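Quick notes on the structure that follows.
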Amino acid sequence: MKTLLRALIILSSLSMLAACAPDTREQGSEVVTTYEPAQPDVMDEDGYKVVRGSTRVQDMSVNFDQATKGMTLKGKIEFLPVRAKAVQSVELDLAGILDPYGFIALKTYKAKTQDNQDLKVAAKATCLSVDGGCRSSFIDIYVYYQGIVYHHQVESLQDDVSPVNEEPIPGEEGLQGDEESEIEGGHDEVEGEPGRYVGDIADDIEKILEVKKPEAPKSEETPKTEEPKKEEPKKEEPKQDAPKKDEPKKDPPKADPPKKEDPKKDPPKKEEPPKREEPKKDPPKTGQPRVPETAPAVNKVSQAIGPVNAGRLQNAANMLTYEQAHAPTGYEIIRPKRKTHFATNELAYIIVKMGLLTKKEIPGYELAVGDLSREAGGKLGSHKSHQNGLDADVAFFFNNKSFQGYFASAVAVNKPHANWMLEPQWKLFKEVVGTQLIDRIFIHGALKQALCSHAIANGELTKGDNSSLAAQTLRRLIPEKDHHNHFHLRVKCSKAQVRCRQMAEPVNTTGCF
């Protein structure tokens, strides 16, 4: 009888669903894995052991309800434990509510693997939608099993996450062929596969997965350092005995304490108002439902959102304003009317650093800086990238003043131009790569080859060297034929850029041998 009743309920519910004709939002949308290493990759994330490349998802869908601001994540995740040979499978049924910062903590009450061993599962959705909703997002999925965290990231892009910039760029109208190339620079600078979105993985593990990092070795060292601190007050005790012998000298001031007690009674009266004021300040904080402890203050820093070729920019740094306020900066925005001089804080730092090095190495010289990004990011002319504040087109160094102030070609008949300043250029590239903020620098192949020869001749680079500053600099110099009249610099996403999608790292070889 129970079986028949269940069958009738299922049939009736199916008929209701068919009659309602649910939209794609109600059904949920499929997700796509953002990044899959070829081999399992075990990383240390601020004390946590995190594994990527040892997971896969099946039949997974995400559903965001715009009305309730709720999200569900359903499907299956499989992972191969580090200390086992059998694949473990976990059914996911996670849910959460959008917070004011654009994040959703997705949790479940219990989860078990096929072999019935307990484990922890949780996820965090980071919203990408322009309207502040979460129909488009990426989701970090965490599985904690036998002391190791297995990380898998997926994305669901139901909305266009890039702003549509249909307004023409001033100075671009009517340009054709080489003229456009001279203004815009090369258009093939996206080279490389997109990697995963960045974020503070350790923070997610601690606050969303609720797993504490092991700190046993640290706790053993701390008491040893604390022991001498305990001995110090013991030496101070005899110093306190000395004034006890001078007690008769303290008799006269015995009449003073009552005078001191009066003000002591006043302070509590004065302390009461601030105590009453504090709760008055608390309500606005509690009005943001329990978020301050778990969410970064993303609204206070620049935000590169999405990848370089399909992203946008928030809270951008204005490099023209900085140049005008701090002149001489050593750099010059050469086409300010285009209004393409906006950057993330990280790119702004690199531009300022290049300007300072220019002033030091070539006094009186101004480094010509072209397109960065629009103030809100998005499509920028014929560029494939420059959409989220991570890219900059910059002129080469020339010892001929007539070549300065615009994008002059540093290549002549597939060889470096005689006026190109190789040594200062090499110093600049090493300086910025040494910050560990640089992802790639696109230059013409003839120029890279000249820098390779220069590094080898100076003894900075030897065959098989992939770790020195010279080797890492040359690794990130990507040869591209259209970059003969400028170099294209791209910074990495940082942890502060919590919605930024980082490109996969370039191959760890110099390309010089």
Side-chain angles (χ1 to χ4, degrees), residues 21-32 34 60-74 94-106 123-141 153-167 194 196-199 204 208 284 287-292 294-317 339 342-345 373-380 385-390 493 496-502:
D23 59 21
T24 55
R25 183 193 65 187
E26 292 170 342
Q27 292 176 344
S29 63
E30 293 183 358
V31 299
V32 178
T34 59
M60 188 165 288
S61 65
V62 59
N63 182 344
F64 177 72
D65 190 322
Q66 189 68 37
T68 63
K69 307 298 181 184
M71 176 180 283
T72 59
L73 180 69
K74 297 183 179 182
L94 310 179
I97 300 294
L98 177 65
D99 67 27
Y101 295 93
F103 302 101
I104 301 177
L106 299 160
K124 182 175 103 171
T126 302
C127 306
L128 300 172
S129 299
V130 177
D131 62 1
C134 211
R135 283 172 55 80
S136 290
S137 63
F138 68 88
I139 303 172
D140 292 295
I141 305 170
Q153 189 181 82
V154 296
E155 68 177 353
S156 173
L157 304 179
Q158 295 175 268
D159 297 326
D160 182 8
V161 298
S162 303
V164 179
N165 289 323
E166 297 181 351
E167 295 180 6
R196 65 183 181 88
Y197 291 90
V198 303
D204 290 349
I208 295 177
Q288 299 168 349
R290 302 175 188 174
V291 176
T294 59
V298 296
N299 293 327
K300 295 182 180 180
V301 298
S302 62
Q303 287 295 301
I305 299 174
V308 294
N309 61 337
R312 55 193 173 95
L313 177 60
Q314 287 181 344
N315 305 320
K339 298 181 180 179
F342 297 91
T344 58
N345 295 340
S373 293
R374 293 178 185 260
E375 186 171 8
K379 183 67 176 172
L380 182 61
S385 58
H386 289 266
Q387 294 199 28
N388 63 354
L390 300 180
C493 301
Q497 310 296 332
V498 295
R499 293 178 174 84
C500 183
R501 187 168 186 181
Q502 176 62 46

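We count residues from 1, following the sequence as given. Quick caveat: nothing in here was measured; it's all calculated off a predicted structure. What you see below is based on every heavy atom in this structure, not just the backbone, and it leaves out hydrogens, waters and symmetry mates.
A donor-acceptor pair under 3.5 Å is formed between the side chain of Ser136 and the backbone N or O of Asp159. Judged purely by atom type and a 3.5 angstrom limit, Gln387 has no side-chain atom pairing as donor or acceptor with the backbone of Leu313. Using modelled atom types, no side-chain atom of Asp204 and backbone atom of Ile208 make a donor-acceptor pair closer than 3.5 Å.
A heavy-atom distance below 4.5 Å is found between the side chains of Gln497 and Gln303. Within the 4.5 Å cutoff, side-chain heavy atoms of Ser137 are placed close to those of Ile139. The shortest distance between side-chain heavy atoms of Leu390 and Cys493 falls below 4.5 Å. Val308 places a side-chain heavy atom less than 4.5 Å from the side chain of Asn388.
Of the residues Leu98, Asp99, Thr72, the one that meets the side-chain contact (heavy atoms from CB on, under 4.5 Å) test with Ile104 is Leu98.
Judged as a side chain to side chain contact (heavy atoms under 4.5 Å, CB included), and not counting sequence neighbours, the contacts of Val31 are Met60, Val62, Val154, Ser156. Every residue two or more places apart in sequence or in another chain was checked for a side-chain hydrogen bond (donor to acceptor under 3.5 Å, both in side chains) with Thr126, and none qualifies.
Taking CZ of Arg312 as the reference point, atom OG of Ser373 lies at 13.5 Å (rounded to 0.5 Å). The structure places CD of Glu155 at 11.5 Å from CG of Asp140, a figure rounded to the nearest 0.5 Å.
Of all heavy-atom pairs spanning Phe64 and Cys134, the tightest one is CE2-N, 3.3 Å. Residues Ala316 and Glu375 share a closest heavy-atom pair of CB-O, 3.7 Å. Residues Ser129 and Arg135 come closest through the heavy atom pair OG-N, 3.4 Å. What you find for Gly70 and Ile97 is that their closest heavy atoms are CA-CD1, 3.8 Å.
Within the cation-pi definition used here (under 6.0 Å to the ring centroid, within 45° of the axis), Arg499 does not qualify as a partner of Phe138.
Summarising the local packing, NZ of Lys339 is surrounded by 12 or fewer heavy atoms from other residues, nucleotides or ligands at distances under 6.0 Å.
Donor-acceptor pairing under 3.5 Å is recorded for the side chains of Gln153 and Thr34.
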